[in-house]
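Working notes for the structure below.
Just so it is clear, the values below take in all heavy atoms, side chains as well, and ignore hydrogens, waters and symmetry mates. All ligand and atom numbering here is 1-based and tracks the order in the structure.
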Amino acid sequence: MATQIVSKVKNLKGEIIIPADKSVSHRAIMISSLAKGKSRITNFSSGADCWSTLNLFKNLGVEINVIDNKTIEVLSRAKFLKPNLPLDAGNSGTTMRLVSGILAGQDFNSILVGDESLSKRPMKRVIEPLSLMGAKIDSIEGHAPLKIIGSQLHGITYSSNLSSAQVKSCVLLAGVNERTFGKTTYIEPNKSRNHTELMLKYLGADIEIDGNKTTVSPSELTAKNIEIIGDISSAAFFIVAGLIVEGSDFIIRNVGINNTRTGILDIVQRMGGGIELLNQREIAGELIADIRVCYNDSLKSCKISGADIPKLIDELPVIAVLASQAEGETIVNDAGDLRNKEADRIACLVKELRKIGVDIEELNDGFIVRGKTSLKGGSALDAYHDHRLAMSFYIAGLICENEITINEFEWINISFPEFSYLVEMLKS
Ligand code: S3P
């Protein structure tokens, strides 16, 4: 168990390159495995979750060669082999939910398993639409292990009451399978991240995207090289650090700015914290930019709800830290699904941030933070096996009067093993 000590920092300066997007890295392996031919994936994530996906597809008989840690070649015949062992999604909800859509329409049976935390997370949200498509999936009261009986699927029109990219992607990946009959339409209340749609399109799928409604037909996909953009969810920790650590001014390079992910930038703007987007460009169908962030001592609170939520769902823990340095009440609503993440991110966040002096109140579907507070620190915080909680607490520690300790800090390896090293690079 790695304990991390974090002390107050003088300021943060210089520049860093943000590592690969986790969501896009997962999809690059999955969708290349569905395509025919050779894809070269560059700047692949070093996060453990993405390697769970990579190993899972190897176990489905896809030839995947790791050229170096960040360069992966996928040689696929768009046909999988029946696995001779349970397929392990590790800690990764994205892996389990998206892969269940791919496996449901195969001509063999399979079993999907996950670690203790993933086995507690709800899977009914994918079992339900897949069952309507003709899938047969046994679970333990809606939880993994999932026993998937390979079936002939048919297209559906599905209106989800959740704005979840994982559920949407699961259904679209089932619908694009060449064995599926007919078109599949997925409608979501608010637009969630659209990396699956963009990558399917990039590899030649027959897909129509019309706002919150996406229609896909069974398609033959053609392999292409994919360069992975930098992860805005990882950059978010640094955006917040730059805004709250006095005297900071630095550049974060290669950040994906797909507008289904830029909720953090909208919030910073609402709070009055200026950040600059430099050098905007496109790679593999995705927009990226360099971000300049500077300290701001006059941040104001704001309201975050509704259509904001899917655009910043993973950033809410670190947004709570940001809100502690903004004048007034920041209110987050409609984010109840935070309770179904790697930990209950509402209860755990509130409990731990209070220990260091954040004025935060728990709501059923979010939280209220009252700022601006000077954080005393001086406590040991629990990360609850949750990478994003661990890194959010670290950012708070950079402005605490007294040093803090974070238990089980090694969980950051799930998405962002380079995190502490990049913070060190910005310390003057
Ligand atoms: C993800 C979607 C989101 C997000 C998760 C990654 C994805 O989950 O929280 O970290 O890659 O599709 P939900 O779809 O459950 O909101």
Side-chain angles (χ1 to χ4, degrees), residues 20-31 45 47-50 52-53 89-102 114 117-118 120-129 142 144 158 160-173 186 188-200 212 214 228-229 231-237 256 258 260-264 286 306-319 332 334-346 349 365-366 385-392 411-412 414-416:
D21 191 282
K22 183 158 90 75
S23 291
V24 180
S25 295
H26 282 298
R27 286 154 173 87
I29 296 286
M30 293 178 192
I31 301 178
S45 168
D49 271 4
C50 298
S52 293
T53 293
N91 187 249
S92 172
T94 306
T95 309
M96 184 166 283
R97 294 190 178 123
L98 272 62
V99 167
S100 61
I102 293 173
S117 141
L118 184 54
K120 288 188 192 134
R121 295 178 65 186
M123 294 298 146
K124 211 173 135 208
R125 55 184 64 196
V126 291
I127 297 174
E128 201 171 271
Y158 190 72
S160 177
N161 53 10
L162 276 177
S163 297
S164 158
Q166 292 179 351
V167 180
K168 171 176 65 179
S169 303
C170 164
V171 173
L172 295 179
L173 291 173
Y186 188 91
E188 53 188 339
N190 293 305
K191 187 79 184 168
S192 63
R193 66 191 68 189
N194 63 358
H195 304 300
T196 301
E197 296 94 300
L198 295 184
M199 201 174 287
L200 283 173
N212 299 358
T214 308
I228 313 283
I229 55 175
D231 198 329
I232 191 165
S233 297
S234 300
F237 298 108
N258 174 319
T260 61
R261 294 284 297 282
T262 45
I264 175 78
E286 295 273 3
D308 297 328
I309 301 298
K311 292 173 76 178
L312 47 65
I313 184 76
D314 292 336
E315 287 65 82
L316 284 167
V318 80
I319 286 175
V332 176
D334 306 322
D337 209 33
L338 273 186
R339 296 192 186 274
N340 296 314
K341 298 292 178 187
E342 286 82 335
D344 176 339
R345 281 191 184 152
I346 298 179
L349 182 73
D365 66 343
H385 300 186
D386 184 315
H387 52 127
R388 297 200 200 279
L389 290 180
M391 289 183 277
S392 302
W411 280 92
I412 67 162
I414 285 294
S415 65
F416 196 1

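Annotation: A165 places an N or O atom under 3.5 Å from an N or O atom of ligand 1; distance criterion only. Inclusion of R388 in the set of residues having an N or O under 3.5 Å from an N or O of ligand 1 is not warranted. Residue S163 has no N or O atom closer than 3.5 Å to an N or O atom of ligand 1.
Remark: D334 engages no residue in a side chain to side chain donor-acceptor pair (under 3.5 Å) (not counting sequence neighbours). Here E342 pairs with R121, R345 under the salt bridge (Lys or Arg N to Asp or Glu O under 4.0 Å) rule; sequence neighbours left out.
Near I313, meaning under 4.0 Å from any of its heavy atoms, are these atoms of ligand 1: 9 (O). Each of the following atoms of ligand 1 lies closer than 4.0 Å to a heavy atom of S23: 6 (C), 7 (C), 11 (O). Here is the list of ligand 1 atoms found below 4.0 Å of a heavy atom in T94: 1 (C), 6 (C), 7 (C), 11 (O).
With hydrogens left out, the protein atom closest to atom 4 (C) of ligand 1 is D314 OD2, 3.3 Å, a heavy atom. Taking atom 1 (C) of ligand 1 as the reference point, the nearest protein heavy-atom neighbour is Q166 NE2, 3.6 Å. Shortest contact from atom 15 (O) of ligand 1 to any protein heavy atom: K341 NZ, 3.2 Å. Counting protein heavy atoms only, atom 14 (O) of ligand 1 is closest to S164 OG, 2.6 Å. Of the protein's non-hydrogen atoms, R27 NH2, 2.6 Å is the one closest to atom 12 (O) of ligand 1.
Between the side chains of T53 and T95, at least one donor N or O sits under 3.5 Å from an acceptor N or O.
In H195, neither the side chain nor the backbone holds a heavy atom less than 4.0 Å from any atom of ligand 1.
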**OP:** Before giving the answer on side chain to side chain contact (heavy atoms under 4.5 Å, CB included), spell out for R193 and L198 the whole-Å C-alpha distance, their side-chain angles and the decisive distance to 0.1 Å.
**Re:** CA-CA 10 Å; R193 66 191 68 189; L198 295 184; over 6 Å; no
Original post:
When you look at R388 and D314, which way does the salt bridge (charged side-chain N to carboxylate O under 4.0 Å, His left out) test go after all the steps?
Top reply: CA-CA 8 Å; R388 297 200 200 279; D314 292 336; 3.7 Å; yes
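Here the straight-line distance linking atom CG of N91 with atom NE2 of H385 works out to 9.5 Å at 0.5 Å rounding. How far CD1 of I31 is from CG of L173: 5.5 Å, rounded to the nearest 0.5 Å.
Checked against the 6.0 Å centroid threshold, H387 and W411 do not count as a close aromatic pair.
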